[in-house]
Amino acid sequence: MEHKVKIYNSLSGKKEILTPRNEQFVGMYVCGPTLYSEPHMGNMRTFINFDLVYRYLLHAGYKVKYVRNITDAGHITNSAGQEEDSIGKAARLEQLQSLEIVYKYNVKFQELQRLYNMLPPSIEPTATGHIQEQIEIIEKILENGYGYSVNGSVYFDTKRYMQDFNYGILSGRKVEELENETRTLNNQDEKRFFADFALWKKANPEDMQIWRSPWGDGNPGWHIECTAMSTKYLGKQFDIHGGGMDLKFPHHEDEIAQSCGSFGCQPASIWMHANMLNVNGQKMSKSLGNFFLPKEIVEGTSPLFKKPYAPNVIRFFMMQAHYRSTLDITETGLDAAEKGLNRLMEGLKLIEKVSHSASTSFKWKELVDSFDEAMQDDFNAPILIANLFEAVRYINLINDGKETITLEHLGILQTAMQVFIFQVLGLFSEEQGQDNRLNPVMDLVLNLRSQAREQKDWTTSDKIRDGLAAAGIVVKDGKEGTTWS
RNA sequence: GGUCUCAUGGCCGAGCGGUUAGGCACCGGUCUGCAAAACCGUCUACAGCAGUUCGAAUCUGCUUGAGACCUCCA
């Protein structure tokens, strides 16, 4: 099958056909989390979205090298007039060493990836594991004249860079405009120009992590790690660079500047930005405090929601919105997703039991093709899902004898649905974790109840049903027997 | 303040100049001892005001409202 995947490129503002530099091989770099706390649901949305991208590219037949970094070096920032690094701060608060913090939250992050059925990237390199590579790139930038060192720190010389390159090419920012709007920043004295950014920062006495460099002991700047690791694993130029929308400026802009400044070329052909997860119309964020953790929602301990939602439901909920749109997470939204997902899964089960005919009465080929078409158009999962529901409708109609399908077409449809639901959307096949010790008990109880029903002993049968309902077990009398859940 | 995005039926959410996306809810029906569930069907919306066009949710301008970035952030 011919796969023409169109991707919206933030750099050009247009959808472009993916043309990998190296035939079937796609190199994709995605900015990962800074592990100073447990990732929240908003963080997860970005990673789930890129998991979808990864999954679809694999499905489309590409050999994808998917690199997602782990930021385990706390970058010094100026917040509230104080210099601090996020990981060091967390370490002090929790009375642990920096690497303990990173290790602890990395374990959690790995758990979450499994919980949400994310495929592991090809490699998850860490910032601290690539200090040498970062230093080497900084040296190149200095050699090329796009940086300068002051008092043991190194800064990127934006003004000099702008003579040769376009700073703001990604974010559309004009430095002149930025300048007028500069807020009061601390520590400006070392920088020659307000838009310069740190490549290397001299160590403070209280820093928990310190590395040696040609400029003295210190810490790498925030942006340089991604340049170093993307270059190391994917080369100076690769196909796709992704990340959250909030990283577009300055992080990604500065990555471009660093690549151009060191190697003279842009790192990625296509830049992808996943949009934010909102709570009440506002971006979920650590600083606003409106976030909740992935585990809270799965365990039902989040104060925002009355009941727990399965990871599958959350994933499906997110897949129903396009990755470039903001998505508001709400209780009604999750409830709707839960029911919708159930409908989809029921349809998938029914397809196995449905009977075939001598001919197919509907446009089955068009339907099957529509799955790929949706995803080829900038990974439009909402349309894919709409088309899958269309398929479910047909399955139900076949089951009701209102439409027909041949054995061959049925097989193709079934396979396609399974592939897109499980492999591409990354939903799970079965809700796991039912206590199977309960099964024989339920068989016994429901057997007794059906005996009562056969004798039209409604008092007994309803008593059993009500009793089970009180215990949280819902009994449903279907055409083909009674089910419970 | 600057830059940029977005405003879709009761709710969520696609749409990128001309075919009622889809899900949830509602309502009607099928099924059923009752109930629940399930299934089928119905529900023709595009913030406001101008303009371009044979034709606009979709393009342009203005107005109003919301958000993002400019500071760490997925």
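Each of A:G347 and A:K15 was matched to the nucleotide of RNA chain B holding its nearest heavy atom; the match closer to the 5' end belongs to A:K15. Between A:H40 and A:K456, the one whose closest nucleotide on RNA chain B sits nearer the 5' end is A:K456.
Taking the six-membered ring where the residue is Trp, the centroids of A:H223 and A:H252 are separated by 6.0 Å or more. Ring to ring, A:F197 and A:Y155 are not that close: their centroids are 6.0 angstrom or more apart. If you look at A:Y8 and A:H322, their ring centroids are not closer than 6.0 Å. Here A:F292 and A:F305 bring their ring centres to under 6.0 angstrom of each other.
Among B:rC72, B:rA74, B:rC40, the nucleotide with an atom closest to any side-chain atom of A:S287 is B:rC72. Considering only side-chain atoms of A:A336, the nucleotide from B:rC12, B:rG2, B:rG23 that sits closest is B:rG23. The side chain of A:Q320 sits closest to B:rG23 out of B:rG15, B:rA74, B:rG23. Among the nucleotides B:rC70, B:rC24, B:rG33, the one closest to any side-chain atom of A:P250 is B:rC70. Comparing B:rC40, B:rA14, B:rA74 by their closest approach to the side chain of A:N396 singles out B:rC40. Taking every side-chain heavy atom of A:L397 into account, B:rC40 is the closest of B:rC40, B:rA14, B:rA74. Listed nucleotides B:rA14, B:rG22, B:rC11 differ in distance to A:P382; the shortest reach to its side chain belongs to B:rA14.
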Fill in: side chain to side chain contact (heavy atoms under 4.5 Å, CB included) between A:F50 and A:F379, intermediate numbers included
CA-CA 10 Å; A:F50 282 106; A:F379 310 100; over 6 Å; no

Worksheet item: What's the verdict on salt bridge (Lys or Arg N to Asp or Glu O under 4.0 Å) for A:K104 and A:E94, showing C-alpha distance, side-chain angles and the deciding distance?
Response: CA-CA 11 Å; A:K104 174 179 164 183; A:E94 299 191 34; 2.6 Å; yes

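For A:R465 and B:rG33, the shortest distance from a side-chain N or O to OP1 or OP2 is not below 4.0 Å. For B:rA14, the OP1/OP2 oxygens have no side-chain nitrogen or oxygen of A:N380 closer than 4.0 Å. For the OP1/OP2 pair of B:rG33 and a distance below 4.0 Å, the side-chain nitrogens and oxygens of A:R453 include no atom meeting the criterion. For the pair A:R393 and B:rG41, the criterion of a side-chain N or O lying under 4.0 Å from OP1 or OP2 is met. For B:rC16, neither phosphate oxygen OP1 nor OP2 lies less than 4.0 angstrom from any side-chain nitrogen or oxygen of A:K14. Within the 4.0 Å cut-off from OP1 or OP2 of B:rC69, at least one side-chain nitrogen or oxygen of A:K283 is found.
Nucleic acid contact class of A:N49 (heavy atoms, under 4.0 Å, all strands): none. Looking at heavy-atom distances under 4.0 Å, A:G243 makes contact with sugar-phosphate atoms alone, never a base. The residue A:H322 sits close only to the backbone: its heavy atoms come under 4.0 Å of sugar-phosphate atoms, none of a base. Nucleic acid contact for A:M44: none, since no nucleic acid atom lies under 4.0 Å from a heavy atom of the residue. Nucleic acid contact class of A:S325 (heavy atoms, under 4.0 Å, all strands): sugar-phosphate only.
With a cut-off of 3.5 Å on both pairing distances, B:rC26 has no Watson-Crick or G-U wobble partner at all. Nucleotide B:rC43 forms no Watson-Crick or G-U wobble pair with any nucleotide shown, as no partner meets the under 3.5 Å limit on both distances.
Taking the 5.5 Å centre cut-off and the 30° plane limit, the aromatic side chain of A:W458 is classed as stacked on B:rG33.
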